[in-house]
Protein chains: 2
Amino acid sequence: MTARPRDHATLRLTADLAILTVRDGQLQVLLVQRGNEPYRGRWALPGGFVREDEDPDAAAARELAEETGLDGTALHLEQVAVFGTPGRDPRGRVVTVAYLAIAPDLPLPVAGSDASGACWQPVDQALGTLAFDHNDILRTCLERARQALEYTTLATAFCADAFTIGELRTVYEVVWGMPVDTRNFHRKVTKTAGFLVPLDAKRTSEVGRPAALYRRGPATTLYPPMLRSTVDYDEPSASST
Amino acid sequence: MTARPRDHATLRLTADLAILTVRDGQLQVLLVQRGNEPYRGRWALPGGFVREDEDPDAAAARELAEETGLDGTALHLEQVAVFGTPGRDPRGRVVTVAYLAIAPDLPLPVAGSDASGACWQPVDQALGTLAFDHNDILRTCLERARQALEYTTLATAFCADAFTIGELRTVYEVVWGMPVDTRNFHRKVTKTAGFLVPLDAKRTSEVGRPAALYRRGPATTLYPPMLRSTVDYDEPSASST
DNA sequence: ACAAAAGTGTTGTAATTACACCCATGT
DNA sequence: ACATGGGTGTAATTACAACACTTTTGT
């Protein structure tokens, strides 16, 4: 309990975001290009320092709003994990809180970003190329997102205010990377109370029968869950095994 | 990207632990009594500062070993959430990483603790009385534990090396706070591949038929999950709604 | 008419629930 | 003998996977 000198090293805290969306039938993540050393010119997850009188969650919401140009509170944002291995940032002792954010397919090419460049990239393409330990962070956030689709109504966060069941199904297929039976999916989501609220409108696309439009319902959890055929749920563990 | 003065406030990081166990048919948590201001004399979750060249996960494992007197790597330990609201600690800017740890019913009354006192307390009794924001932290960890019992084999972490199915069932009943059908539970856990490994021994208690002994199997996930009748799964969200 | 996507029906199977019932031990 | 907890059998119910099939639009 007595504070010995090395017992309370001061450090800096950042909030890094994995902002995911579905664009062009792919799962994409918002990246910024680093303008300074280290990793100058490399792509990284957007993020920034937590300010002196700021809650980490608030810092994440602020970053999210800055990067997307949208009101961050309108988007899904959740804490995922802390990454604090010494040496993970060459500039010194920096611990980061990783956040998962979900955005609908934004029309804008991301304005107002404070980095030298920002763009959406397919996660498959981004994984393995990122600066710092951001590949690990992205992988962890991806796993969280895949899991959340099973047990929660998170998938609707990928959709605009009004969406069709086909669009929602595409979210599942893209995030999980596997096909989902259209017929069973339709029944499942329409019969889960509170998942979808039907609207009195239809959307007619280029081809095919017009689809009914829905908006998000009040439910946040899915019971029974929407299960993937191949199950590989793993509880995040901090044990040093 | 340019580092303005207030953009990288330095702060101190702690790791706080909710160490849970089942004792006397109750879910209990390990608490320490604070020896210094603030909250002197109040009970709090064990924890401590993350050292200068230490990973937060390693700090948690170290604290766990100190408090329980056991090798921390033998116990289940997982990151749960970050609590960093400014003002949560009157001593200054302190952000904490909350960890959930699970221990079997330890025979020792916790030796070697560095706080002025340490003891197991029923969580029902502890909730609402703790120092700092530890009530919130404990509640969050509890919810995580309840959830993990559904989808993972975490319950075995509450048991000693060898245990009976009845003991395992008690864990579920105590953590969930609801009765579990003995017959169906037995079938469920014995038919889930990799959950339990039968031992060639039986334990005969004071009364009743001797029960077969088992040890943990290699499985970490439960499929299909062990579902509670009343479902209230809620994904932790950091959105400032 | 045809292609394409939306949406409904049906059937076999897996899993859960809610029981009744038997087994092995100490007193 | 009987109480107590361990363990098995069975039937009704629910949910799901895998299909065939119909509907509604644009070309």
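Only this structure's heavy atoms are used, side chains among them; waters, hydrogens and symmetry mates stay out. Residue numbers start from 1 in every chain, and the chains themselves are labelled A, B, ... in the order their sequence lines are given, proteins ahead of strands. Note that the structure is predicted; figures quoted are calculated from it, not measured.
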Chemist: Check every atom of C:dT16, D:dA15, C:dA5 against the side chain of A:Pro224 and return the nucleotide holding the closest atom.
Modeler: D:dA15

Chemist: Could you tell me whether the side chain of A:Asp24 and the main chain of A:Gln26 form a donor-acceptor pair under 3.5 Å?
Modeler: no

Chemist: Pick base, sugar-phosphate or nothing for B:Arg203, based on heavy-atom distances below 4.0 Å to the nucleic acid.
Modeler: nothing

Chemist: Does B:Arg169 come within less than 4.0 Å of B:Glu173, counting only side-chain N to carboxylate O?
Modeler: yes

Chemist: Quick one: B:Glu167 CD to D:dG7 P, roughly how many Å, whole number?
Modeler: 11 Å

Chemist: Could you check whether B:Phe185 and B:Tyr172 have their ring centres less than 6.0 Å apart?
Modeler: yes

Chemist: State which of C:dC19, D:dC16, C:dG7 makes the closest approach to the side chain of A:Arg183.
Modeler: C:dG7

Chemist: Below 4.0 angstrom, N of the basic side chain to O of the carboxylate: do B:Arg23 and B:Asp105 qualify?
Modeler: yes

Chemist: Atom CG of B:Asp181 and atom P of D:dG7: how far apart are they, to the nearest Å?
Modeler: 14 Å

Chemist: Under 6.0 Å between the ring centres of B:Tyr151 and A:Tyr151?
Modeler: yes

Chemist: Would you mind reading off the distance between B:Lys191 atom NZ and D:dT8 atom P, rounded to a whole angstrom?
Modeler: 9 Å

Chemist: Quickly work out the B:Leu222 CG to C:dT16 C1' distance and round it to whole Å.
Modeler: 15 Å

Chemist: Within this structure, what is the CZ-to-P distance between B:Phe185 and C:dT16, rounded to whole angstrom?
Modeler: 13 Å

Chemist: Determine whether a donor-acceptor pair (one donor, one acceptor, N or O, separation below 3.5 Å) exists between the side chain of A:Arg187 and the base of C:dG9.
Modeler: yes

Chemist: Starting at the 5' end of DNA chain D, which residue's closest nucleotide do you reach first, B:Pro210 or A:Pro210?
Modeler: B:Pro210

Chemist: Whole-Å distance between C:dT16 P and B:Arg228 CZ?
Modeler: 16 Å

Chemist: Could you check how far NE2 of A:His186 sits from C1' of D:dC19, rounded to whole Å?
Modeler: 17 Å

Chemist: Among the candidates C:dG7, C:dA5, C:dT16, find the nucleotide nearest to the side-chain atoms of A:Ala211.
Modeler: C:dG7

Chemist: Among C:dG7, D:dA17, D:dA15, which is the nearest nucleotide to the side chain of A:Asn184?
Modeler: D:dA17

Chemist: Rounded to whole angstroms, how far apart are NZ on B:Lys188 and C1' on C:dA18?
Modeler: 16 Å

Chemist: Kindly indicate whether the side chain of A:Arg209 and the base of D:dG26 share any N or O donor-acceptor pair separated by less than 3.5 Å?
Modeler: no

